[in-house]
Amino acid sequence: MLRVVLITGISGSGKSVALRLLEDSGYTCVDNLPVRFLAEFIATARNDRMDRVAVAIDVRSPGELAELPAAIASLRNVGTSLRVVFLDANTDTLVQRYSESRRRHPLTQRLERNGKTPSLLDCIELERELLAPLRDQEHVIDTSSLTPGQLRAWIRDLVQADRQAILLTFESFAFKHGVPRDADLVFDVRCLPNPYYDPTLRPLTGRDAPVAAYLASFEAVGQMIEDISGFIHKWLPRYAQDTRSYLTVGIGCTGGQHRSVYIVEQLKERFSDHVPLLVRHRRQLPEEHA
């Protein structure tokens with residue numbers, strides 16, 4: 001069966017990194033495909049007996065973005081296995097990336113009026129507006145604080161997940177870096193005891209046994225896990241009934257190293273029978289180094 005991955009999102013959010021990873025993973029990739037050719041390309045790939053293709057579509061396709069949600073729905077209605085990944089990043093990160101690359105935003109020329117060049121912020125704001133309908137209904141990855149290596153790993157995990165059931169993702173993060181834009185539900189665990197203040201635990205993470213033992217010794221930590229787990233168990237079926245394909249649960253503490261990581265790992269065990277299930281840690285933990 002042909003599997004199709006569609007990469008879209010905000011310019012500068014990492015679409016090229018994602019597409020290269022898919023190409024390296026054996027996908028036949030096409031960048032900047034006009035929306036009107038999407039169904040034709042997939043039909044050709046199916047006739048050629050391809051099993052994996054990936055397509056990138058974004059604001060470089062002038063005047064066609066409004067047609068993309070309908071095109072996606074039409075393909076799914078006829079049984080196409082189509083996973084859409086929407087990459088996003090906060091505005092400060094996008095501005096920094098454009099400054100480092102010295103590239104122009106793809107909307108710059110289209111927004112020029114009377115010889116006046118629009119600002120980068122104007123371009124980003126318009127792009128968010130154009131892509132909002134798609135962002136609201138597909139799986140979002142906020143790449144603001146991710147390294148290229150992390151993004152590649154997240155994309156690899158995502159495309160390997162089965163799409164038949166709702167994709168449940170637990171994600172740890174640091175509030176000092178802001179709430180991730182891809183989180184559907186957010187739980188704040190900063191009220192729990194912090195291993196950071198123990199010098200022997202400070203360099204470790206929530207995956208390490210000493211930190212886990214420390215946190216497990218507090219009744220409040222266990223109760224927090226029970227409450228979050230109970231909430232998700234209760235409401236996950238309703239999210240699935242709402243034709244939602246993805247649910248990302250963000251667990252945040254101050255630094256994203258100890259408490260949030262530990263609780264995400266505990267939730268992973270509690271929901272181990274849910275398929276598909278993904279776990280992400282926004283802080284680059286030692287075993288994630290690539």
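Sequential numbering from 1 along the given sequence is applied to the chain's residues.
Judged by distance alone, with hydrogens and angles left aside, the side-chain atoms of T205 form a donor-acceptor pair with the main-chain N or O of R207 at under 3.5 Å. The backbone N or O of S13 sits less than 3.5 Å from a side-chain atom of T143, completing a donor-acceptor pair. When atom types are taken as modelled, the side chain of S25 and the backbone of L21 share a donor-acceptor pair closer than 3.5 angstrom. A donor-acceptor pair is defined here as one N or O able to donate and one able to accept, closer than 3.5 Å; such a pair exists between the side chain of Q257 and the backbone of L204. Side-chain atoms of D208 do not come within 3.5 Å of backbone N or O of P210 as any donor-acceptor pair. When atom types are taken as modelled, the side chain of S260 and the backbone of G252 share no donor-acceptor pair closer than 3.5 angstrom. Side-chain atoms of H105 never come within 3.5 Å of backbone atoms of Y98 as a donor-acceptor pair (strictly under, hydrogens ignored). With hydrogens and angles disregarded, a donor-acceptor distance shorter than 3.5 Å links the side chain of S272 to the backbone of E269.
Remark: R83 CZ to I7 CD1 distance equals 10.5 Å, nearest 0.5 Å. With rounding to the nearest 0.5 Å, the separation of CD1 in I10 from CG in D58 is 9.5 Å. Remark: T169 OG1 to R280 CZ distance equals 4.5 Å, nearest 0.5 Å. The CE atom of M224 lies 13.0 Å from the CD atom of E219; values are rounded to the nearest 0.5 Å. In this structure, CD1 in I141 is found 8.5 Å from OG1 in T248, a value given to the nearest 0.5 Å. Note that CG of L131 is 11.0 Å distant from CG of L87, once rounded to the nearest 0.5 Å.
Two rings, from H139 and F86, have their centers 6.0 Å or more apart.
The aromatic rings of F231 and W235 lie tilted to each other, with the angle between the two planes from 30° to 60°. Under the 30°/60° scheme for interplanar angles, the aromatic rings of H233 and F271 are found to lie parallel.
R104 is not listed as a side-chain neighbour of L120, based on a closest heavy-atom distance of 4.5 Å or more. Side-chain contact between V55 and C29 is absent, with no heavy atoms from C-beta onward closer than 4.5 Å. With contacts defined as side-chain heavy-atom distances shorter than 4.5 Å, the pair V249/I232 qualifies. The shortest side-chain heavy-atom distance between L33 and E40 does not fall under the 4.5 Å cut-off. Using a 4.5 Å heavy-atom cutoff, the side chains of E171 and P180 are in contact. In this structure the side chain of W154 reaches within 4.5 angstrom of the side chain of L146, judged on heavy atoms. Looking only at side-chain heavy atoms (C-beta outward), I57 and D31 stay at 4.5 Å or farther from each other. Side chains of Y214 and N194 form no contact here, defined as non-hydrogen atoms less than 4.5 Å apart.
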query: Step by step, would you call L278 with L168 a side-chain contact (heavy atoms from CB on, under 4.5 Å)?
result: CA-CA 6 Å; L278 293 181; L168 177 61; over 6 Å; no
task: Under the side-chain contact (heavy atoms from CB on, under 4.5 Å) rule, what do L38 and L68 come out as? Steps first, then yes or no, please.
output: CA-CA 9 Å; L38 179 59; L68 186 53; 4.2 Å; yes
- prompt: Can you check salt bridge (charged side-chain N to carboxylate O under 4.0 Å, His left out) on R128 and D88, steps first, answer last?
  reply: CA-CA 9 Å; R128 290 199 191 283; D88 199 356; 2.8 Å; yes
- prompt: Between T147 and Q284, is a side-chain contact (heavy atoms from CB on, under 4.5 Å) present by the stated rule, with each step listed?
  reply: CA-CA 8 Å; T147 65; Q284 193 170 14; 3.5 Å; yes
task: Tell me, with the steps shown, if Y246 and I166 meet side-chain contact (heavy atoms from CB on, under 4.5 Å).
output: CA-CA 5 Å; Y246 312 96; I166 187 170; 5.6 Å; no
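The pair E67-R36 does not meet the salt-bridge criterion, since no charged nitrogen lies less than 4.0 angstrom from a carboxylate oxygen. Classification of K268 and E265 as a salt-bridged pair holds, one side-chain N sitting under 4.0 Å from a carboxylate O. Salt bridge D51/R3: absent, no basic N to carboxylate O contact under 4.0 Å. A salt bridge does not link R135 to E127: none of the charged nitrogens lies less than 4.0 Å from a carboxylate oxygen. Using a cutoff of 4.0 Å between basic side-chain nitrogens and carboxylate oxygens, R152 and D157 are not scored as salt-bridged.
There is no side-chain donor-acceptor pair under 3.5 Å between D92 and Q96. A donor atom on one side chain and an acceptor atom on the other are not found under 3.5 Å apart for T44 and N47. Residues R97 and S11 have side chains that never bring a donor and an acceptor to within less than 3.5 angstrom of each other. Using a 3.5 Å distance cut-off with no hydrogens or angles, the side chains of R259 and T254 do pair a donor with an acceptor. In this structure, a donor-acceptor pair under 3.5 Å is absent between the side chains of Q150 and H281. For the 3.5 Å distance criterion, the side chains of D122 and S119 qualify, holding a donor opposite an acceptor.
Taking every heavy atom of both residues into account, I225 and L267 meet most closely at O-CD2, 4.3 Å. Looking at every heavy atom in both residues, V221 comes nearest to P193 through CG2-CD, 4.1 Å. A pairwise comparison of heavy atoms in P106 and V59 identifies CG-CG2, 3.9 Å as the closest pair. Taking all atoms of both residues into account, the shortest heavy-atom contact from A56 to L19 is CB-CD2, 4.0 Å. Heavy atoms only, all atoms of each residue included: S145 and R282 are closest at OG-NH1, 3.3 Å. Nearest approach of V53 to A45, heavy atoms of both residues: CG1-CB, 3.8 Å.
F175 and V189 sit in two unconnected hydrophobic clusters of ILVMFWY residues. Membership requires side-chain heavy atoms under 4.5 Å apart, directly or through other members. The hydrophobic clustering, which links ILVMFWY residues whose side-chain heavy atoms are closer than 4.5 Å, places L192 and L185 together. Tracing side-chain contacts under 4.5 Å through hydrophobic residues (I, L, V, M, F, W, Y), one reaches L247 starting from V279; they form part of the same cluster. Both V211 and F170 are assigned to one and the same hydrophobic cluster, defined by single-linkage of ILVMFWY side chains at heavy-atom distances under 4.5 Å. When hydrophobic clusters are built by joining Ile, Leu, Val, Met, Phe, Trp and Tyr residues whose side-chain heavy atoms come closer than 4.5 Å, directly or via intermediates, L121 is grouped together with L130.
Atom CD of E100 sits in a crowded spot, with more than 12 heavy atoms from other residues, nucleotides or ligands closer than 6.0 Å. Around atom CZ of R103, no more than 12 heavy atoms belonging to other residues, nucleotides or ligands sit under 6.0 Å away.
Screening I72, T8, L6 for a side-chain contact (heavy atoms from CB on, under 4.5 Å) with E138, the sole residue that qualifies is I72. Residue S144 is tested with T91, N90, D182 for a side chain to side chain donor-acceptor pair (under 3.5 Å); the sole match is N90.
Stacking of R202 on the aromatic ring of Y196 is recorded, both the 6.0 Å distance cut-off and the 45° axial limit being met.
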